[in-house]
Undergrad: 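Right, I'll just put the structure down here and ask away after.
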Amino acid sequence: MKTILLFLYFLACLALCNSNGIVIPPSNENINYVGRVDKSNSLQYAFAWSSVQISILISNTTSFAPVFGSYGQNYFNVFIDNTMFVLNASSPIPHPYFISENLNLDPTQTYNITLVKRTEAWVGISSFYGIIVDSGATLFSYPKTTSRSIEFIGDSITCGFGILGVPPCGPFDPSLEDISLTYGGLISKELEAQLYVEAWSGKGVLKNSGSTIIPSNQTLPELYPLTIPTESTDYWNFEDFSPDAIVINLGTNDYNSQPIPSKHYFESSYIDFIKFIKSKYANNPSFFLVCGPMIGDPCCEYVQNVADAVGAVYIDMQNILEPNEYGCNSHPNVAGHAKMASIALPIIQKNLAW
Ligand SMILES: *[C@@H]1O[C@H](CO)[C@@H](O)[C@H](O)[C@H]1NC(C)=O
Ligand SMILES: *[C@@H]1O[C@H](CO)[C@@H](O)[C@H](O)[C@H]1NC(C)=O
Ligand SMILES: *[C@@H]1O[C@H](CO)[C@@H](O)[C@H](O)[C@H]1NC(C)=O
Ligand SMILES: *[C@@H]1O[C@H](CO)[C@@H](O)[C@H](O)[C@H]1NC(C)=O
């Protein structure tokens, strides 16, 4: 399978790389990654969680084409210095996406090019095969701009499900999801912190949306330890990253339909999940537990109890959205997420003294 994919990839490069093109492999030491990436195959890095970020500092090239294969309709935000493009990386076979065609990269300039996976994990795995650039391109070692880091864990709210949609929306459309505009994206940008996200629409602590079984299969705490959450054996190495702060927004799907978990079962399971996360990080990160804006009591009362029990800061977001702050299916839109960020940001800043 791998051999076939690589063969197709080189065929694509023969057809599409310009005559002076070269491929920078994903394992090049000047490529910077943020987020959970499976690097076990040096020719094909794989990832799925939202917000995985690939960055490079490059000069002396007029073209730039990341090569992706996708097991679903995945979108990326491409930041070239201060300009943003949206990349529709939906080809199942490795495909070079030339984003410089209308851009005329100036070979005498150095560019910071950053790709961010907008879409959530269940949309599909992205395989990154490298970047095609001009053969004389110069790569620079990517500077560390921040020592701060923050991790967001949650469901559709954290993913930015339907954030770009105007209600009433049709069936789920991955192009309406954009992690950069979510409260996590906005807060990490404002704090200049690295962002890690493990979120999946419909997931709960004990019960997933629409499930009649408690506990449901594959709740968020079950998927959380995985690098690629659809690969049940691909465990993340927690030594690779230690966040300063962890923001969790779970519970909405546990309580938005019958049957609902009991107070004790929910609280003790949520506490166990936080204990598990704490056991993975030696640096004693600060925890923030959000409830809302798509659920209220009793869920939020229980989340507050959990926060008290584990020494976390509770952030209440019940009933905060105005009518014009909804995207698809009662989810916060861009303005709704901006409001969430405006509530959480000062609390996080104060607590971390940032
Ligand atoms: C993205 O690409 C896929 C596959 O080619 C296509 O089905 C989809 O409509 C595209 N999305 C947009 C927003 O153009
Ligand atoms: C490169 O751009 C990204 C996205 O705008 C930004 O987060 C990052 O801090 C920039 N890095 C450098 C080294 O300028
Ligand atoms: C820039 O690239 C061209 C070929 O694309 C190469 O001949 C030249 O040496 C490169 N310049 C530098 C400064 O690397
Ligand atoms: C949950 O997992 C069990 C064991 O793997 C399986 O038998 C069952 O069908 C699953 N239930 C659902 C609703 O997927």
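Whatever order the structure lists ligands and atoms in, that order sets their numbers, starting from 1. The structure presented is a predicted model; accordingly, all values stated were derived computationally and were not measured.
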Undergrad: Run through Ser156, Ser50, Ser51, Ser201 and flag the one making a side-chain hydrogen bond (donor to acceptor under 3.5 Å, both in side chains) with Glu120.
TA: Ser201

Undergrad: Can you tell me the protein heavy atom closest to atom 9 (O) of ligand 2 and the distance?
TA: Thr145 OG1, 3.9 Å

Undergrad: Tell me which protein heavy atom sits closest to atom 7 (O) of ligand 2, plus the residue, atom name and distance to 0.1 Å.
TA: Gln53 NE2, 4.3 Å

Undergrad: Report, in ascending order of atom number, the atoms of ligand 1 lying under 4.0 Å from any heavy atom of Asn88.
TA: 1 (C), 2 (O), 3 (C), 8 (C), 10 (C), 11 (N), 12 (C), 14 (O)

Undergrad: Looking only at distances, please establish whether an N/O atom of ligand 3 is found under 3.5 Å from an N/O atom of Asn60.
TA: yes

Undergrad: What do we get for Thr138 next to ligand 3 when only non-hydrogen atoms under 4.0 Å count, side chain, backbone, both or neither?
TA: side chain

Undergrad: Please say which of Thr145, Asn112, Thr114, Asn30 ends up in a side-chain hydrogen bond (donor to acceptor under 3.5 Å, both in side chains) with Ser55.
TA: Thr114

Undergrad: Could you tell me if the ring centre of Phe273 sits under 6.0 Å from that of Tyr224?
TA: yes

Undergrad: A quick test of your reading: do over 12 heavy atoms of other residues, nucleotides or ligands sit less than 6.0 Å from CG of Asn319?
TA: no

Undergrad: Would Asn249 and Thr158 count as having a side-chain donor-acceptor pair, cut-off 3.5 Å?
TA: no

Undergrad: Flag Tyr142 as yes when one of its N or O atoms lies below 3.5 Å from any N or O atom of ligand 2, and as no otherwise.
TA: yes

Undergrad: Which heavy atom of the protein is the closest neighbour of atom 11 (N) of ligand 1, given with residue, atom name and distance?
TA: Tyr75 OH, 2.7 Å

Undergrad: Looking only at heavy atoms of Ser55, does any of them come nearer than 4.0 Å to an atom of ligand 2?
TA: no

Undergrad: Which residue and non-hydrogen atom of the protein lie closest to atom 4 (C) of ligand 1, and at what distance in Å?
TA: Ser90 CB, 3.7 Å

Undergrad: Could you tell me whether Glu190 atom CD has more than 12 heavy atoms of other residues or ligands within 6.0 Å of it?
TA: no

Undergrad: State yes or no: are the ring centers of Tyr33 and Phe47 separated by less than 6.0 Å?
TA: no

Undergrad: Protein heavy atoms near atom 2 (O) of ligand 1, is at least one of them under 4.0 angstrom away?
TA: yes

Undergrad: Counting non-hydrogen protein atoms only, what is the nearest one to atom 12 (C) of ligand 2? Give residue, atom name and distance.
TA: Asn112 ND2, 3.3 Å

Undergrad: Could you tell me whether Ser175 and ligand 1 have an N or O pair separated by under 3.5 Å?
TA: no

Undergrad: Determine whether the aromatic ring centres of Phe76 and Phe68 lie less than 6.0 Å apart.
TA: yes

